[in-house]
Amino acid sequence: MLALAASWWLVLGARLDAAQAPSPRPELEVIADSSVGGEQRAQAIRSFMARAKEQGECAGAAAELDAIILDQRFPAWLRRVGAEAIASCGDERTAAYLAGRMARGSTRERLHHLRGARGSAHAKVFEAALALLRDDDARVRCEAAELLARHKVEAAYDTLADVVAKGRDEALLETALHAASAIVKGGAREGAWRTRLEQWANEKAGLRRRAALGSLLESKDAALRKLAERALGDDDWSVRVLGLEWLAREPSVATLELFIARLEVEAVGSRVHGDLNDKLEAFTGVKRYTTHEQWVRWRAGAGRDWAPGKKEGDPASAGNEPRSSTRPKFYGVDVVSARTLYVIDLSGSMNAQSKSPEHKGKRRIDVAKEELLALIDSLPAGSWFNIVAFGDNVFTWLDSLASFGVGRKGSSSAEELTARQRKRDEELREKARSHVRSLNLSGSTNIYDAFARAFEDPDVDTICFMTDGTPTIGTETEAIAIREELVRWNRTRRVRIHCVAVGEDNSLPRWIATDHGGVHRFVP
């Protein structure tokens, strides 16, 4: 038996809180043995806890399992399997065991016990989760708030509402607002909470305003149309996307005309401009127009009798050929934004040769550089872009996209750039090319911290993420946890994330693209 199995016996007594350690069980030996395949160990975890549940011994079994899986050397994804297996118990004794440990140990241990408590609808767990809303780690605070929301713990409402009202804890604010909304839904406090949301939604700016708008616009209530129309005209692109998404749910003549009118205001080539075109295409079946002027002419002519549900005809019919795509591409994925960030894997495995027919014989890192260099050349003038590379650490080319905006307000189209701005634009592109050529491989795969850096920039509306592996280092290495954290960060931010999986078609890139409205592409 390897070292991990040995360490299990050393800590088991403490985990059982002085209870007598049981004799070894076959599943525990399999779980502790790192030479056994991952799926076999996962099945052993599930079988061990399932049998314990049948026998009414979940609490003791959870302690035995934790003695193994909380070792920092234990694979993170298998630890998640353990938490889910423990969560399936839901009995009072297991709840007491978890509640007593939710505030103890490292962040990894606190998160594990919170996840294990997801299935426990017991007062002790709720009390412990409430206390963790003041934890030092934002991930723990958010996980606790979500547990309370999952069980609609009314006793948590005032605390969560207070977090939102004070607005000091920005890392928790949006999750707290979402949790409070879930707790009061369908209850006596829902009306009063909605009044507070409306007050916050009418604030001038800020995260609380956007979060409140996002919560309100989750409803299909027709009375929210005016709020959605105001959101579509907001200065914040994220708020405009929230309004656009709500209005597009139910196609109407009024919405069609509003979207056409808004095209005149949005910068050509911007994310919101592209989203408006996509919605107009979905409404009408018309694929050949991209500008405000073209849509106005269509509305006055062929589209004058348009009604919801009416399509112009077969996209392949004469006169309705899909618009030719002149958009920049990254690994074949259309980039529909003038404010993009490219997150690039520099881990050691990027030294392997590509198996893609179009890139065969080239190293993955060399293909990535070629893709970036071609992209830099094809981005329209006036585009803002940045590059975040990750290996053992995270490396950012520019501090923020705003470096492109020095001397002008907002991203500008090619026609609006002055000669001085064009010169600066090209100077930055040349620096970007040099930066790309200088990128070197850097060990492991720090996906979590790369995304954390990407989300620090408020101007980013689209991320293109490329990796050839799974997370192996960083603040978080467990794929489901990274997925959940991205959903929290992007709940109302609405950044679109495209994902390119190179060499290995792992689950995480596919999940991320699906969750965040992006395209997923696998490149062998």
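Side chains are part of it too, since the values below use all heavy atoms of this structure and drop only hydrogens, waters and symmetry mates.
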Can you check side chain to side chain donor-acceptor pair (under 3.5 Å) on D334 and H498, steps first, answer last?
CA-CA 9 Å; D334 281 351; H498 302 302; over 6 Å; no

If you measure from CZ on R210 to OG on S238, what distance do you get to the nearest 0.5 Å?
5.0 Å

Ion pair present between K431 and E426, side-chain N to carboxylate O less than 4.0 angstrom?
no

Taken to the nearest 0.5 Å, the spacing of L177 CG from L207 CG works out to 9.0 Å

Determine, step by step, whether S444 and S347 satisfy the side chain to side chain donor-acceptor pair (under 3.5 Å) criterion, reporting the C-alpha distance in whole Å, the side-chain angles of both residues, the deciding distance to 0.1 Å, and the verdict.
CA-CA 5 Å; S444 302; S347 62; over 6 Å; no

Electrostatic pair D459:R339 at N-O distance under 4.0 angstrom:
yes

To the nearest 0.5 Å, atom CG of D135 lies from atom OG1 of T107 at 6.5 Å

R208/E174 ion pair, N-O < 4.0 Å
no

By side chain to side chain contact (heavy atoms under 4.5 Å, CB included), A76 pairs with (sequence neighbours left out) R79, T477, E478

So S337 and R496, side chain to side chain donor-acceptor pair (under 3.5 Å) or not? Walk me through it.
CA-CA 10 Å; S337 171; R496 179 166 291 138; over 6 Å; no

Salt-bridge test for D425 and R429: reply yes if a basic N is under 4.0 Å from a carboxylate O, no otherwise.
yes

Is a salt bridge present between E371 and K329, judged by a nitrogen-to-oxygen distance below 4.0 Å?
no

Within a 6.0 Å radius of atom CZ on R420, are there more than 12 heavy atoms belonging to other residues, nucleotides or ligands?
no

Determine, step by step, whether R46 and E84 satisfy the salt bridge (Lys or Arg N to Asp or Glu O under 4.0 Å) criterion, reporting the C-alpha distance in whole Å, the side-chain angles of both residues, the deciding distance to 0.1 Å, and the verdict.
CA-CA 9 Å; R46 296 185 185 105; E84 292 172 350; 5.6 Å; no

Is it true that R80 and E484 make a salt bridge, defined as a side-chain N closer than 4.0 Å to a carboxylate O?
yes

To the nearest 0.5 Å, atom CZ of F385 lies from atom CG of L341 at 11.0 Å

Quick one: side chain to side chain contact (heavy atoms under 4.5 Å, CB included) partners of E293, sequence neighbours excluded?
T291, R297

May I ask you to decide if the ring planes of F404 and W397 are parallel, tilted or perpendicular, using 30° and 60° as cut-offs?
perpendicular

Out of curiosity, F451 CZ to F465 CZ, how far, rounded to the nearest 0.5 Å?
4.5 Å

Heavy atoms from other residues, nucleotides or ligands near CD of Q72 exceed 12 (cutoff 6.0 Å):
no

Contacts of K423 that satisfy salt bridge (charged side-chain N to carboxylate O under 4.0 Å, His left out) - sequence neighbours left out:
none

Partners meeting side chain to side chain contact (heavy atoms under 4.5 Å, CB included) with N490 (sequence neighbours left out):
F455, R493, V495, H516

Does the side chain of V286 reach to within under 4.5 Å of the side chain of W295, using non-hydrogen atoms?
yes

Within a 6.0 Å radius of atom CD on E39, are there more than 12 heavy atoms belonging to other residues, nucleotides or ligands?
no

Check this for me: does any side-chain nitrogen of one of E427 and R424 sit under 4.0 Å from a carboxylate oxygen of the other?
no

Name the one of I473, V388, N393, V394 that satisfies side-chain contact (heavy atoms from CB on, under 4.5 Å) with D449?
V394

I'd like to check the disulfide (SG to SG under 2.5 Å) partners of C499; sequence neighbours left out, ordered by chain and number.
none

With sequence neighbours excluded, tell me which residues meet side chain to side chain contact (heavy atoms under 4.5 Å, CB included) with N351.
R363, L441

Can a salt bridge be assigned to the pair R101 and E109 using a cut-off of 4.0 Å between side-chain N and carboxylate O?
no

Pairing of D236 and R240 as salt bridge, 4.0 angstrom limit:
no

Between the side chain of S270 and the main-chain N/O of H273, is any donor-acceptor distance below 3.5 Å?
yes

Charged N to carboxylate O below 4.0 Å: is that the case for R271 and E266?
no

Does a sphere of radius 6.0 Å around CG in D235 hold more than 12 heavy atoms from other residues, nucleotides or ligands, not counting ones at 6.0 Å or beyond?
no

Cationic N near anionic O, under 4.0 Å, R249 to E245:
no

What verdict does the salt bridge (Lys or Arg N to Asp or Glu O under 4.0 Å) test give for E476 and R139, after you've listed the backbone C-alpha separation in whole Å, the side-chain angles of each residue and the deciding distance to 0.1 Å?
CA-CA 10 Å; E476 179 61 73; R139 290 172 296 156; 3.3 Å; yes

Could you measure the distance from the CD1 atom of I482 to the CH2 atom of W511? Nearest 0.5 Å is fine.
10.0 Å

Salt bridge (Lys or Arg N to Asp or Glu O under 4.0 Å) between E281 and K311, worked out:
CA-CA 9 Å; E281 178 183 311; K311 303 289 184 178; over 6 Å; no

